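Computed from heavy atoms alone, side chains included, the values below leave out hydrogens, waters and symmetry copies. Letters go in sequence order (proteins before strands), and every chain restarts at 1. Just so we're clear, the structure is a prediction, and the values are computed from it rather than from any experiment.
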Amino acid sequence: MKAASLVPQKDQLADLFDKFKTEICINDSPYVSNLRFAALNSFSVNGFPTQTAEEWRSTSLIDSLAPEYNFYFEPSEEKIDVDKIFRCEISNFETLLFTQLNGWYVYKQYPLTEFHNGVIVGSMAHAFKIHPEIISRHYGKIAHIDNNGLTALNTAFAQDGIFIYIPDNITVEKPVQMVNIVNTGENLFIQPRNLIILGKNAKLTLVYCDDSIKHQKSFINACSEVFLDENACLDYYKLQNKDNLSTVITNSFFNLEKNSRLNTNTLTLNGGVMRNETYVSLKGTGAEAKIYGLYLVDREQHVDNQVYADHIAPETTSFEQFKGIIDDNASAVFNGHIHVCRDAQKTEAYQSNKNILLTDTAHVSSKPFLEIYADDVKCSHGATVGQLDPEALFYLKSRGICDRNARMLLMYAFAGEIVNKINIGVLRERLDAMIIKRLKGELSICDQCVLHCKENDMIKFEIDMSKV
Amino acid sequence: MPLLEIKNLKVSINNKKIIKGLDLCVNEGEIHAIMGPNGTGKSTLASVIAGRDYFEVNEGEVLYKGKDLLSVPVETRSREGIFLGFQYPVEIPGVSMTNFMKTAVDEHRKYKGLPSLTAVEFLKLMDEKKKMVEIQSNLTNRSVNEGFSGGEKKRNEIFQMAMLEPTLAILDETDSGLDIDALKIVANGVNKLKRPDNAFIVITHYQRLLDYIIPDFVHVLFEGRIVKSGGKELALELESKGYDWIKEELENK
């Protein structure tokens, strides 16, 4: 078993790379190897981000990086039947389901599934080996490593993840669901790397779930590059339901060509330290990005969303809306940055971040930010931080509704605005139920994927939310 | 035993005395109208009964069905049959009327030891009550009061009252801002809901409403006290003469 255990630090990681170079680079083309070395150099200079950097001011990785973690350089030989630890129980939610276990793509027969219409879905490790020409056209092209230590580290060490290739004019009818499970008896540091490519007029719905099953410390440093060619259309739902010992960092880079449409929704239900960086590059005229997010945090949890929308071409549109409910001693950060280049005339960019603090010790830091160099644009931004409206609470209670349910109705209504933007009905309903459970503080008892909750009889909510 | 008995009630907000020794007795089957100039404590009285907590009760007691009401939580008061029709109903975006009313009705039923209504039963009930208060629009998918016109909001209050069938309903200027048709609908709602075992307190500025809701008693609230009580003819007298003669009467005492 090729593995090592260490406290992740800059120099130790460089040594680790040297020691396991053969394993790490086993599937590399020279192009990918060169990228790795460049990334490792960049990481050796920058290291892990610290709070001295402006964009990391409110999020600290010190505690997350303190313990010793295990690094695996090949998949576990132990045969785990993924179906046993995890089962899809959503009826009518038919997806093309793919799984990663502890950072490695799990497959029964084929590491890469190639469909008759040219669609390829499967293991990134095998894509490195089998499709070097696609890799060299897209891989590492938009995930910038210069100012981003974690993306650099991921690029240096990345071995596996999900690879999706949709050729021109192909619509994938069923949603593709990627479940990333951590299930280990030991501390684990994993760095999934995903590459998603949509050709011209291609269409895809992707549901990406981060879950953990056993309670051990894990550090996930994931990086995704997503390409939308002309007229392509992607719905990308990201669900994060990790245990409180998890650190999850995701860096997602989107490249939007002419008239392509991106709809992304990041729903953070549970986790220890979570940071999602989303970079959307609106490169082609008429491209449109909807970037939504919801975070529900309590206890000592911390969530940080960084969104960078770069309007490069004219007539591009971005809608950004993030909402959060912060309870107990939890904290949340939102940094939204809209950048409109000089040539990006007729840009429309809207940004909104709304937060509810449920306690005096909950904390939020919100920074909506516009940087505009064009003169014919429509842009707006705004942030609010508040409590549940006491007038609304009184109104509900004056009709006989108890304090708990009155709060629940208001929180659910607040969160509902983001959940309602999910286009898959079954997924939306299921998430509705999960959010109610989360708001009731019942979700942490089942640290299962939001879509694969093992309880058959869901706890009945006093409030019947069924859309009668 | 009176349904509601208020004895020498004194209430202040931020040390400012609003209600200064108020007595009121409401029996089952009665309709009481409370009138009076602005700023005399009418809405405060309604709020005290409904259970708002931003003021201080300095003295006196409020008994409901013979028991102390002031120590009872808001939601329990509602389940015990008290209903406040708000002067300014609150807009609650994202909370649908259906979820709101279903939750409220279920909590009332639970309190009484009754099982929850099924979705079908509930919708039937909603339809029935909607007809009663002549609401045509589809409430189910609308958020509570959001985007409702002034008249719709007030009608929605009466609708909620019809759903919860209170024993004691206080309507706080439900007629203000209503055109004559809406006023009739609101009044009709009250008349249909009136039973020998419940009571209404109607707070209003205008005698107009009392053409449609015939009160058994009319009280004049002035400077935090009920200074005059009478039958429905008192309202007519107030309408034609204003409040000055009452002030004079008080000064001459």
J.: Atom OH of residue position B:Y111 - does it have more than 12 heavy atoms of other residues, nucleotides or ligands inside 6.0 Å?
T.: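 Yes - once you tally the heavy atoms of other residues, nucleotides and ligands closer than 6.0 Å, there are more than 12.
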J.: Over all heavy atoms of both residues, which pair between B:R79 and A:G400 is shortest? Give the atoms and the distance, please.
T.: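 Where B:R79 meets A:G400 most closely, the heavy atoms are NE-O, 2.9 Å.
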J.: Once rounded to the nearest 0.5 Å, what's the spacing between atom OH of A:Y395 and atom CG of B:L84?
T.: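 Between atom OH of A:Y395 and atom CG of B:L84 there are 9.5 Å.
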J.: Checking B:P93 against chain A: side chain, backbone, both or neither under 4.5 Å from a heavy atom?
T.: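 Answer is backbone: N, CA, C or O of B:P93 sit under 4.5 Å from chain A.
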J.: With no hydrogens and no angle check, is any side-chain donor or acceptor of A:E417 less than 3.5 Å from a backbone partner on B:G94?
T.: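 Not at all, since once roles are kept as given, no pair shorter than 3.5 Å links the two residues.
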J.: Counting C-beta onward and ignoring hydrogens, is there a side-chain heavy-atom pair between A:F394 and B:V90 closer than 4.5 Å?
T.: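 No, every pair of side-chain atoms sits at 4.5 Å or beyond.
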J.: Tell me whether the count of non-hydrogen atoms from other residues, nucleotides or ligands lying under 6.0 Å of NE2 in A:H363 goes above 12.
T.: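 Not buried by this count: 12 neighbours or fewer within 6.0 Å.
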J.: What residues form a side-chain hydrogen bond (donor to acceptor under 3.5 Å, both in side chains) with A:E348, not counting sequence neighbours?
T.: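 With sequence neighbours excluded, A:E348 shows a side-chain hydrogen bond (donor to acceptor under 3.5 Å, both in side chains) to A:Y350, given in chain and number order.
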J.: Please flag which part of B:V105 lies under 4.5 Å from any non-hydrogen atom of chain A: side chain, backbone, both or neither.
T.: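 For B:V105, no heavy atom lies under 4.5 Å from chain A.
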J.: Is the number of heavy atoms from other residues, nucleotides or ligands within 6.0 Å of CG (B:N14) greater than 12?
T.: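 Open.
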J.: Looking at every non-hydrogen atom in both residues, tell me the closest pair between B:S78 and A:K397 and how far apart they are.
T.: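 Closest heavy-atom pair between B:S78 and A:K397: CB-O, 4.2 Å.
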J.: In terms of heavy-atom proximity below 4.5 Å to chain A, should B:N145 be classed as side chain, backbone, both, or neither?
T.: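 Looking at B:N145, just its side chain touches chain A.
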J.: With a cut-off of 6.0 Å (strictly less than), are more than 12 heavy atoms of other residues, nucleotides or ligands near CZ of B:R109?
T.: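 Check passes, neighbour count above 12.
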J.: Do you know which two heavy atoms are closest between A:L409 and B:V95, and how far apart they sit?
T.: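 Looking at all heavy atoms of both residues, the closest pair is O-CG2, 3.5 Å.
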J.: In this structure, are over 12 heavy atoms from other groups packed under 6.0 Å from A:K290 atom NZ?
T.: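 It does not: A:K290 NZ has 12 such atoms or fewer within range.
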J.: Tell me whether B:K192 at atom NZ has more than 12 heavy atoms from other residues, nucleotides or ligands lying less than 6.0 Å away.
T.: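 Enclosed: over 12 neighbouring heavy atoms sit under 6.0 Å from NZ of B:K192.
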J.: For B:D197, look at atom CG and say whether over 12 heavy atoms of other residues, nucleotides or ligands are found less than 6.0 Å away.
T.: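 Result for CG/B:D197: enclosed.
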J.: Pick from B:R77, B:M161, B:H108, B:M163: which one has the most heavy-atom pairs with chain A under 4.5 Å?
T.: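 Highest number of pairs under 4.5 Å: B:H108.
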J.: Using 0.5 Å steps for rounding, measure from the CG atom of B:N99 to the CD1 atom of A:I401.
T.: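 Nearest 0.5 Å value for the CG-CD1 distance: 9.5 Å.
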J.: Do you know the tightest heavy-atom contact between B:E107 and A:N405?
T.: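 The answer is OE2-ND2, 2.9 Å.
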J.: Before giving the answer on side chain to side chain contact (heavy atoms under 4.5 Å, CB included), spell out for B:Q160 and A:S398 the whole-Å C-alpha distance, their side-chain angles and the decisive distance to 0.1 Å.
T.: CA-CA 11 Å; B:Q160 292 170 40; A:S398 79; over 6 Å; no
